[in-house]
Protein chains: 2
Amino acid sequence: MDKNNLRHLPHKTIERLSQYRRALLLCHANGKTHIFSHEIAKIQHITAVQVRRDIMLIGYTGTLRKGYNVEELIVLIGKILDTEEGLNVAVVGVGNLGRAITNYFRGKRTKLSIVAAFDKNPDKIGKKYSGVECFDIADLKSLIKQKDISIGIITVTPESAAEACKALVEGGIKGILNYTPKPVNVPPHVYLEEYDMITSLEKVAFFVKTH
Amino acid sequence: MDKNNLRHLPHKTIERLSQYRRALLLCHANGKTHIFSHEIAKIQHITAVQVRRDIMLIGYTGTLRKGYNVEELIVLIGKILDTEEGLNVAVVGVGNLGRAITNYFRGKRTKLSIVAAFDKNPDKIGKKYSGVECFDIADLKSLIKQKDISIGIITVTPESAAEACKALVEGGIKGILNYTPKPVNVPPHVYLEEYDMITSLEKVAFFVKTH
DNA sequence: TTTGCCATGTTAAATCTTTAACAGTGAATT
DNA sequence: AATTCACTGTTAAAGATTTAACATGGCAAA
């Protein structure tokens with residue numbers, strides 16, 4: 001594996017690696033020691049070539065006739081995706097979506113941990129949600145530094161999205177995942193990923209319509 | 001606009017059209033009658049060329065120096081994305097995520113309506129969530145037909161995803177949006193879109209790490 | 001031992017998507 | 001009336017991603 005190339009892994013490959021790992025962890029839990037590219041492919045609904053190509057890109061090489069060593073591959077993907085010390089994450093907006101995400105992470109062994117939730121509703125501040133304490137969104141900026149938070153997930157209402165984003169950026173956040181349908185602005189040094197559920201649903205509707 | 005070409009609109013263009021429309025509706029509400037490609041671009045964080053190209057693909061043409069007519073464009077995008085009668089949607093799994101989605105749709109004027117929610121928890125069955133009644137997931141198959149549901153959104157736990165998907169398919173669903181981290185299998189006549197929040201978060205983490 | 005098979009690893013082609021380049025055009029300006 | 005300017009519409013190039021094609025290699029069976 002050439003360290004230099006890891007920087008240039010395609011976005012899509014990164015996404016798939018995350019998914020491969022999850023599938024592999026399941027296999028590992030079931031006692032499977034080796035896996036073929038076409039088995040991974042089947043689970044993920046993609047082609048075996050694509051799996052092999054992704055694995056090639058990260059510089060791993062399987063054994064002929066036995067496929068890939070599950071454990072080794074899990075470790076290697078971890079080296080690529082994770083940081084050694086892990087990263088701290090904050091959820092901004094403790095509505096249903098924020099709680100869904102927080103709850104999903106409960107007990108997951110992962111290098112990403114949600115260490116704080118934020119909301120402006122006084123009823124929520126001070127409470128714990130799935131083990132994560134909710135703080136006043138007014139304290140967001142200072143707590144990012146204090147708790148060494150690198151990533152913020154925005155799950156507030158669309159109207160508050162810009163404000164939440166601003167606070168995150170000013171607090172020195174490094175990456176933002178915005179689940180609001182309202183696009184937000186970040187300076188170039190902050191990595192931004194946006195996802196819009198309504199758009200996805202409308203996309204499904206379009207293809208249902210035209211099929 | 002050539003009807004034949006609409007079938008071949010790129011996936012990415014479809015997604016952006018949905019987003020343009022939402023931005024345009026906001027502008028319309030603010031009394032704006034015309035808009036330039038670069039204005040739309042700014043809102044969506046993309047380039048003006050891309051906006052113009054998308055609009056070209058759907059066969060609309062703006063006026064020089066004044067840009068696009070907001071209202072006309074909204075109507076045209078509607079003709080492309082929506083069906084005349086609208087489509088019915090079901091949410092399968094009334095956890096936090098299911099409720100987040102259901103709630104988000106409350107009162108939205110749209111051609112997509114969530115007409116039923118499903119869960120297996122007896123405490124939830126019979127209750128209403130954001131105005132949507134929750135039914136027993138055991139009745140999913142029959143209710144799809146009865147309520148003419150075209151699209152199913154899967155928000156159950158990963159363990160129940162396959163089962164929920166199977167019921168949807170057997171009920172004759174036409175499109176599925178799977179928010180479970182567990183990929184599901186559908187026959188070729190069912191349109192499937194999957195989104196995995198964990199993957200997105202891990203992707204952000206990766207780019208935070210490498211930047 | 002030889003043959004066939006079924007894997008991986010890799011390069012090349014095809015496809016999809018974005019970006020660049022630029023022609024055309026009408027209002028405003030002089 | 002001519003000129004400038006700021007837009008749109010469109011084609012061509014570049015870039016990203018997926019898919020195809022095939023070389024290679026080792027195990028199993030004849």
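Values below: all heavy atoms of this structure, side chains included; hydrogens, waters and symmetry mates excluded. Here is how names work: the chains are called A, B, and so on, in the same order as the sequence lines, proteins then strands, and each is numbered from 1.
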Engineer: For a quick check of understanding: with a heavy-atom distance under 4.0 Å over all strands, which category does B/S37 fall into, base, sugar-phosphate or nothing?
Structural biologist: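 Answer is sugar-phosphate: B/S37 comes under 4.0 Å of backbone atoms only.
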
Engineer: Given side chains that start at C-beta, do those of B/R99 and B/V94 come closer than 4.5 Å, heavy atoms only?
Structural biologist: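 Side chain of B/R99 against side chain of B/V94, heavy atoms only: contact under 4.5 Å found.
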
Engineer: Please tell me which of the listed nucleotides, D/dT17, D/dG9, C/dT17, lies nearest to the side chain of A/K12?
Structural biologist: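 For A/K12, the side-chain atoms sit closest to D/dT17.
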
Engineer: Keeping A/K174 on the side-chain end and A/Y191 on the backbone end, is there a donor-acceptor pair under 3.5 Å?
Structural biologist: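 Looks like no, no N/O pair under 3.5 Å.
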
Engineer: Considering heavy-atom distances to DNA chain D, does A/P10 or A/V49 have its closest nucleotide positioned more toward the 5' end?
Structural biologist: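 The answer here is A/P10.
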
Engineer: Expressed in angstrom and rounded to an integer, what is the separation of A/D54 atom CG from C/dG9 atom P?
Structural biologist: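 Rounded to the whole Å, the gap is 13 Å.
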
Engineer: At under 4.0 Å, does any side-chain N or O of B/R52 touch on OP1 or OP2 of C/dC22?
Structural biologist: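 No, no such contact exists.
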
Engineer: Nearest whole Å is fine: how far is D/dA21 C1' from A/R53 CZ?
Structural biologist: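 It is 13 Å, rounded to the nearest whole Å.
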
Engineer: Would you kindly say whether B/R53 and B/T13 are connected by a side-chain donor-acceptor distance under 3.5 Å?
Structural biologist: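 The criterion, which ignores hydrogens and geometry beyond distance, is not satisfied for B/T13 and B/R53.
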
Engineer: Provide, to the nearest angstrom, the distance between the NZ atom belonging to A/K66 and the P atom belonging to C/dT8.
Structural biologist: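 Answer to the nearest Å: 13 Å.
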
Engineer: So, does B/R65 get its side chain near the phosphate of D/dT4, meaning an N or O under 4.0 Å from OP1 or OP2?
Structural biologist: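 B/R65 to D/dT4 OP1/OP2: no side-chain N or O under 4.0 Å.
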
Engineer: Could you give me the CA-CA distance, side-chain angles and deciding distance for A/E39 and A/C27, then say whether side chain to side chain contact (heavy atoms under 4.5 Å, CB included) is met?
Structural biologist: CA-CA 11 Å; A/E39 292 178 296; A/C27 293; over 6 Å; no

Engineer: Please figure out whether A/H11 or A/L64 has its closest DNA chain D nucleotide nearer the 5' end.
Structural biologist: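 Residue closer to the 5' terminus by nearest nucleotide: A/H11.
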
Engineer: Expressed as a whole number of angstroms, how long is the span from B/M56:CE to C/dG24:C1'?
Structural biologist: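 Whole-Å distance recorded here is 15 Å.
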
Engineer: Taking CG from B/N69 and C1' from D/dT8, how many angstroms apart are they, rounded to a whole number?
Structural biologist: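 Distance check: B/N69 CG to D/dT8 C1' gives 15 Å.
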
Engineer: Please work out which of the three classes, parallel, tilted or perpendicular, describes the rings of A/H38 and A/F36, given edges at 30° and 60°.
Structural biologist: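 Ring orientation, 0 to 90° scale: parallel.
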
Engineer: Whole-Å distance between D/dT17 P and A/I46 CD1?
Structural biologist: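 In whole Å, D/dT17 P and A/I46 CD1 are 14 Å from each other.
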
Engineer: Once you apply a heavy-atom cut-off of 4.0 Å, does B/T13 come out as touching a base, just sugar-phosphate, or nothing?
Structural biologist: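 Here B/T13 touches no strand at all.
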
Engineer: Starting at atom CG of A/L9, determine the distance to atom P of D/dT18, rounded to an integer number of angstrom.
Structural biologist: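 Interatomic distance, CG of A/L9 to P of D/dT18: 13 Å.
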
Engineer: Measure the distance from CD on B/Q50 to P on C/dT17 and round it to the nearest whole Å.
Structural biologist: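 To the nearest whole Å, that distance equals 11 Å.
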
